[in-house]
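Comments concern the structure below.
Position 1 is the first residue of the sequence, and the numbers go up from there.
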Amino acid sequence: MSIFTGAGVALITPMNADGTVNYKKLEEIIEWQIANHTDAIIICGTTGEASTLSNEEHLECIRLCCEVVRKRIPVLAGTGSNCTASAVYLSKEAEKAGADALLVVTPYYNKCTQNGLKAHFTEIAGAVHIPVVLYNIPGRTGVRIEPETVVALCRDVENIVGVKDATGDISEVACVLSLAKKEGVEVDLYSGNDDQIVPVLSLGGKGVISVLSNILPQETHDMAASYFEGDVKKSMEMQLEYFDLIGALFCEVNPIPVKKAMNLMGMEAGPLRAPLTEMEDAHAARLAEEMKKAGIAVK
């Protein structure tokens with residue numbers, strides 16, 4: 001059984017003006033997400049600026065999220081690192097905190113081999129008892145988890161259950177799921193790209209781990225839910241309706257635009273941590289315009 005189906009939010013980490021984590025605001029945002037029917041919370045991932053959180057902050061965000069959610073929906077904790085030992089530590093602590101599953105990114109900078117990836121993910125999964133979702137995002141890490149590696153890990157490691165595919169390559173998605181079908185291996189595949197939600201679902205994907213859900217949780221949920229309910233036309237129309245907004249949300253590196261969008265909505269997401277910088281004025285104007293077109297009130 002999949003950890004979740006539908007639209008899970010790749011949650012931002014709100015900051016105070018001084019750059020510290022705003023835990024009170026984080027709690028409010030989580031409750032708002034649940035009230036608007038998001039299907040899962042993904043905490044401390046790329047969108048959550050995990051790479052600039054200290055271990056203490058990282059784990060406190062996970063603990064708080066689990067405490068606030070109280071098993072109402074699944075919580076997936078981002079616990080990846082380019083150091084296997086560090087990833088093992090974060091994963092164990094996330095399990096203790098009550099996370100339902102882990103999202104573990106490919107080691108970055110090291111550029112390990114496919115055998116290295118297998119060893120890395122196998123060691124992490126072996127250290128915990130909860131499901132692990134691989135996170136394939138070669139544009140950020142410099143390393144791609146090849147389809148054969150994804151399928152082998154899901155076949156050979158009991159609690160590695162799927163992959164978040166942020167390659168942006170729909171043929172890669174098709175290759176993973178085709179290979180899995182041929183080998184009789186269950187691979188829960190989630191889109192890591194909001195502009196490909198419906199295409200990924202059409203190939204057998206389980207849903208999306210979404211940036212868009214930070215500002216449109218109900219609508220992103222509905223896009224996936226409509227597909228699963230058989231209303232493919234409605235799902236497709238929603239994908240196209242928000243296409244330009246999604247483009248604006250990625251006109252600068254994530255999560256710069258989405259935090260700007262939330263601040264424009266009055267949600268007090270706060271500033272970004274260096275080396276990320278505030279959005280350029282022209283891009284911010286484009287984002288605000290697309291938000292208005294999508295019916296989002298901008299302050």
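For Glu268, the salt bridge (charged side-chain N to carboxylate O under 4.0 Å, His left out) partners are Lys25, not counting sequence neighbours. By the salt bridge (charged side-chain N to carboxylate O under 4.0 Å, His left out) test, Glu57 pairs with Arg273, sequence neighbours left out. Residues that satisfy the salt bridge (charged side-chain N to carboxylate O under 4.0 Å, His left out) test with Lys118, not counting sequence neighbours, are absent from this structure. Remark: Asp18 pairs with Asn16, Thr20 by the side chain to side chain contact (heavy atoms under 4.5 Å, CB included) rule, at least two apart or across chains. Partners of Glu289 according to the salt bridge (charged side-chain N to carboxylate O under 4.0 Å, His left out) rule, which considers only residues two or more places apart in sequence or in another chain, do not exist here. Tyr135 pairs by the ring-ring contact (aromatic ring centres under 6.0 Å, His included) definition with nothing, not counting sequence neighbours.
Residue pairs that meet the salt bridge (Lys or Arg N to Asp or Glu O under 4.0 Å) test with at least one member in residues 202-219, sequence neighbours left out, are Glu186-Lys206. Sorted by first then second residue, the salt bridge (Lys or Arg N to Asp or Glu O under 4.0 Å) pairs that include residues 235-253, not counting sequence neighbours, are Lys233-Glu237. Among residue pairs with one or both ends in residues 152-200, those qualifying as ring pair (Phe, Tyr, Trp, His ring centres under 6.0 Å) are Phe4-Tyr190; sequence neighbours excluded. A salt bridge (Lys or Arg N to Asp or Glu O under 4.0 Å) check over residues 130-155, counting only residues at least two apart or in different chains, returns the pairs Arg144-Glu172, Arg155-Glu183. Legend: salt bridge (Lys or Arg N to Asp or Glu O under 4.0 Å) pairs involving residues 70-81, not counting sequence neighbours, sorted by first then second residue: Glu31-Arg72, Lys71-Asp100.
A salt bridge does not link Lys234 with Glu229: every distance from a Lys NZ or Arg NE/NH1/NH2 to an Asp or Glu carboxylate oxygen is 4.0 Å or more. For Glu27 and Lys24, the salt-bridge test fails: no basic side-chain N is under 4.0 Å from an acidic carboxylate O. Using a 4.0 Å cut-off between charged nitrogen and carboxylate oxygen, Arg63 and Glu60 count as a salt-bridge pair.
The structure places CE of Met223 at 12.5 Å from CZ of Phe228, a figure rounded to the nearest 0.5 Å.
Looking only at atom types and distance, the side chain of Asp39 has a donor-acceptor partner in the side chain of His221 under 3.5 Å away.
Connectivity analysis of hydrophobic side chains (ILVMFWY, heavy atoms under 4.5 Å, direct or indirect) links Met236 to Leu240.
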